[in-house]
Protein chains: 2
Amino acid sequence: MLLSKSCVYGLRAALYLANQEKGKFIPIRQMSDKLEISFHFLTKILQQLTAEGILESFKGPNGGVRLVRNGSEVPLMDVVVAIDGSKLLTECALGLPGCGVKAPCPIHDKWAETRDSIREMLEQSTLTELVNKSRKENLRLTSEDGFDILFND
Amino acid sequence: MLLSKSCVYGLRAALYLANQEKGKFIPIRQMSDKLEISFHFLTKILQQLTAEGILESFKGPNGGVRLVRNGSEVPLMDVVVAIDGSKLLTECALGLPGCGVKAPCPIHDKWAETRDSIREMLEQSTLTELVNKSRKENLRLTSEDGFDILFND
DNA sequence: ATATTTTAAGATAAAAGAGTCTCAATAATC
DNA sequence: GATTATTGAGACTCTTTTATCTTAAAATAT
């Protein structure tokens with residue numbers, strides 16, 4: 001798999017947050033319910049995002065987490081790197097050691113191109129961009145609910 | 001990671017075999033020694049490739065495994081699919097359910113492009129092509145030895 | 001036939017990823 | 001202050017991947 005499950009959950013949660021009123025703290029429980037992700041597991045993942053400075057949290061009643069920056073300034077890449085690290089964008093596809101510009105593996109050049117297009121995709125897509133698109137086309141973040149239903153009370 | 005470790009080992013072994021005299025059975029022990037992969041683990045992986053019809057094996061003295069087809073007719077894709085399956089080329093990058101042409105996820109289109117370029121790379125590169133390139137440029141299949149040293153006795 | 005060399009198959013172990021549970025810390029409300 | 005709602009942190013479990021070990025089966029050579 002390209003991205004770990006933790007990473008995918010983190011991205012879905014980040015998209016959820018980007019669709020919320022700016023500055024408002026959203027309880028993790030609400031997100032885990034809506035997104036159908038285990039509460040404790042999601043908590044751990046979001047703790048990573050908080051530690052990495054992508055989210056900030058607030059304890060107690062009316063607490064929760066929120067994006068530090070505006071969603072339009074958060075490329076998917078930031079979330080991916082915070083959770084999965086950057087090996088996806090640095091490692092040799094064939095796992096051949098010593099692969100690089102100096103001593104490329106047989107598919108180094110081709111893979112470098114592919115890797116760049118992954119990088120581009122993750123760097124150019126922001127949370128807000130995807131949220132807008134999702135709203136417009138009623139895309140899903142879960143198996144059941146359309147995007148609009150997801151944000152009803 | 002894009003490819004599992006098993007898959008990478010399988011690819012390295014397939015490249016090793018593609019550099020051998022055509023039709024000759026190569027003992028797995030020899031490959032595991034040269035490629036610095038655990039013998040039993042490599043055996044299991046090659047069993048999969050045998051089961052998938054990419055390799056054929058022969059027991060007993062002078063036995064081993066060999067490529068069924070000529071290396072020039074074996075794209076990397078065959079090895080990858082035999083070991084890792086095809087989810088890499090079919091699954092949604094964001095893990096969003098219901099993602100497809102009918103109900104695409106926000107990055108479906110961009111990801112589809114990237115995925116196609118991965119597919120292209122794996123389909124167009126054959127074992128022989130990579131072996132030739134490796135021979136010419138003395139590329140590595142292990143952390144230590146150059147390609148030519150690897151095949152000395 | 002017997003011993004030897006090899007792959008096949010299955011049991012087991014270790015490590016990593018995914019997921020759960022419990023309790024502590026913090027902040028608001030009553 | 002007590003209660004409640006929330007995140008934080010750590011231990012724990014389950015599953016998958018990775019790796020090892022043992023025994024069986026097949027083929028060869030003696």
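Throughout, protein chains are lettered first and strands after them, A, B, ... in sequence-line order, and every chain is numbered starting at 1. Computed from a predicted structure; not experimentally measured.
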Indicate whether OP1 or OP2 belonging to [N] is found under 4.0 Å from a side-chain N or O atom of [X].
X       : N      : answer
B:Ser6  : D:dT18 : yes
A:Tyr9  : C:dG19 : yes
B:Thr43 : C:dA8  : no

Whole-Å distance between [N] [atom2] and [X] [atom1]?
X       : N      : atom1 : atom2 : answer
A:Leu42 : D:dG8  : CG    : P     : 11 Å
B:Asp84 : D:dT16 : CG    : P     : 16 Å
A:Leu2  : C:dG17 : CG    : C1'   : 16 Å
B:Ile45 : D:dT20 : CD1   : P     : 11 Å
A:Ile83 : C:dA18 : CD1   : C1'   : 13 Å
B:Phe39 : C:dA9  : CZ    : P     : 14 Å
A:Leu49 : D:dT7  : CG    : P     : 14 Å
A:Gln48 : D:dG10 : CD    : P     : 14 Å

Check for me, please, whether A:Phe41 and A:Val80 land in the same ILVMFWY cluster - side-chain distances under 4.5 Å, paths through other members count.
yes
Any side-chain heavy-atom pair of [X] and [Y] under 4.5 Å:
X       : Y        : value
A:Phe25 : A:Asn62  : no
A:Leu67 : A:Gln20  : no
A:Leu76 : A:Leu127 : yes

Close N/O contacts between protein and nucleotides 21-30 of chain C (under 3.5 Å):
| unit_1 | atom_1 | unit_2 | atom_2 | d |
| --- | --- | --- | --- | --- |
| C:dC21 | N4 | A:His40 | ND1 | 3.4 |

Do any N or O atoms from the side chain of [X] and from the backbone of [Y] form a donor-acceptor pair under 3.5 angstrom?
X        : Y        : result
B:Arg66  : B:Glu56  : no
A:Thr126 : A:Glu129 : yes
B:Ser4   : B:Cys7   : yes
B:Arg115 : B:Glu91  : yes

Toward the 5' end of DNA chain D, by each residue's nearest nucleotide, B:Met1 or A:Ser57
A:Ser57
Specify the residue among A:Gly63 and B:Ser4 whose closest nucleotide of DNA chain D lies further upstream toward the 5′ end.
A:Gly63
Counting only heavy atoms and a strict 4.0 angstrom limit, can you tell me which residues of residues 10-38 of chain B come near DNA chain D?
B:Ser38
Minimum-distance nucleotide to A:Gln47 side chain [options: C:dA8, D:dG8, D:dT18]:
D:dG8
For B:Asp109, which residues count as a side chain to side chain donor-acceptor pair (under 3.5 Å) partner, sequence neighbours excluded?
none
